[in-house]
Amino acid sequence: MYIGTNQQTYPCTGRSQTATTVRFELPDTVPEALGDTVSLHDDSGYELCAYAVADYLRTVIGANALTLTNEPEAVEPDTTDTGATEPDTLTQIQLAVAELAETEAAHDLENKVAIAELAEAMAGGET
């Protein structure tokens with residue numbers, strides 16, 4: 001089996017097709033440019049099917065494949081840091097809990113010191 005395009009032929013080991021895409025497996029070489037059509041032929045030269053390149057949004061010529069597709073090109077999400085971040089609610093809650101624990105610990109220490117001073121005063125200054 002082979003494909004024909006731009007007055008050239010290329011060995012083809014398979015074709016897969018969906019509603020929006022046609023993919024030809026080309027084990028040896030791929031076309032550098034496409035003609036108006038891409039046709040698939042059996043080994044005797046009989047044309048099995050033909051596809052008008054203009055009917056497809058994009059053509060992708062890869063290392064071992066030719067793809068005609070109407071699917072838009074995938075866009076990678078922008079992951080650049082703009083410096084403006086929204087507050088992380090969980091982090092703010094954790095920070096508030098930590099500050100509360102520090103405040104309670106400080107007051108606990110103040111209370112222990114006050115109790116110790118009171119106990120010393122009650123004991124007549126001997127502790």
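For this chain, numbers begin at 1 and follow the sequence in order.
Using modelled atom types, no side-chain atom of T13 and backbone atom of P27 make a donor-acceptor pair closer than 3.5 Å. Of the possible polar contacts, none joining the S39 side chain to the C49 backbone as a donor-acceptor pair under 3.5 Å is found.
For Y2, the side-chain contact (heavy atoms from CB on, under 4.5 Å) criterion is met by T9, H41, not counting sequence neighbours. Every residue two or more places apart in sequence or in another chain that forms a side-chain contact (heavy atoms from CB on, under 4.5 Å) with Q17 is listed here: R15, V22, Y51. Residues satisfying the side-chain contact (heavy atoms from CB on, under 4.5 Å) test with T67, not counting sequence neighbours, are T21, R23, V60, T69. Shown here are the side-chain contact (heavy atoms from CB on, under 4.5 Å) partners of N70, two or more places apart in sequence or in another chain: T20, Y56, L57.
The side-chain heavy atoms of P31 and L26, taken from C-beta on, include a pair separated by under 4.5 Å. For the pair V53/T59, a side-chain contact is recorded, criterion being any heavy-atom separation below 4.5 Å from C-beta on.
Atom OH of residue Y10 and atom CG of residue D28 lie 12.0 Å apart, to the nearest 0.5 angstrom. Here the CD1 atom belonging to I61 is positioned 6.0 Å from the CG atom belonging to L66, to the nearest 0.5 angstrom.
The salt bridge (Lys or Arg N to Asp or Glu O under 4.0 Å) contacts involving residues 31-45 comprise nothing, where partners must be two or more places apart or lie in separate chains. Screening residues 44-68 for salt bridge (Lys or Arg N to Asp or Glu O under 4.0 Å), with sequence neighbours left out, gives no hits.
Between L40 and C12, the closest heavy-atom pair is CD1-SG, 4.0 Å.
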Under the criterion side chain to side chain contact (heavy atoms under 4.5 Å, CB included), I'd like the reasoning laid out for L34 against N6: C-alpha separation, chi angles, the key distance, then a yes or no.
CA-CA 5 Å; L34 300 178; N6 206 24; 5.9 Å; no
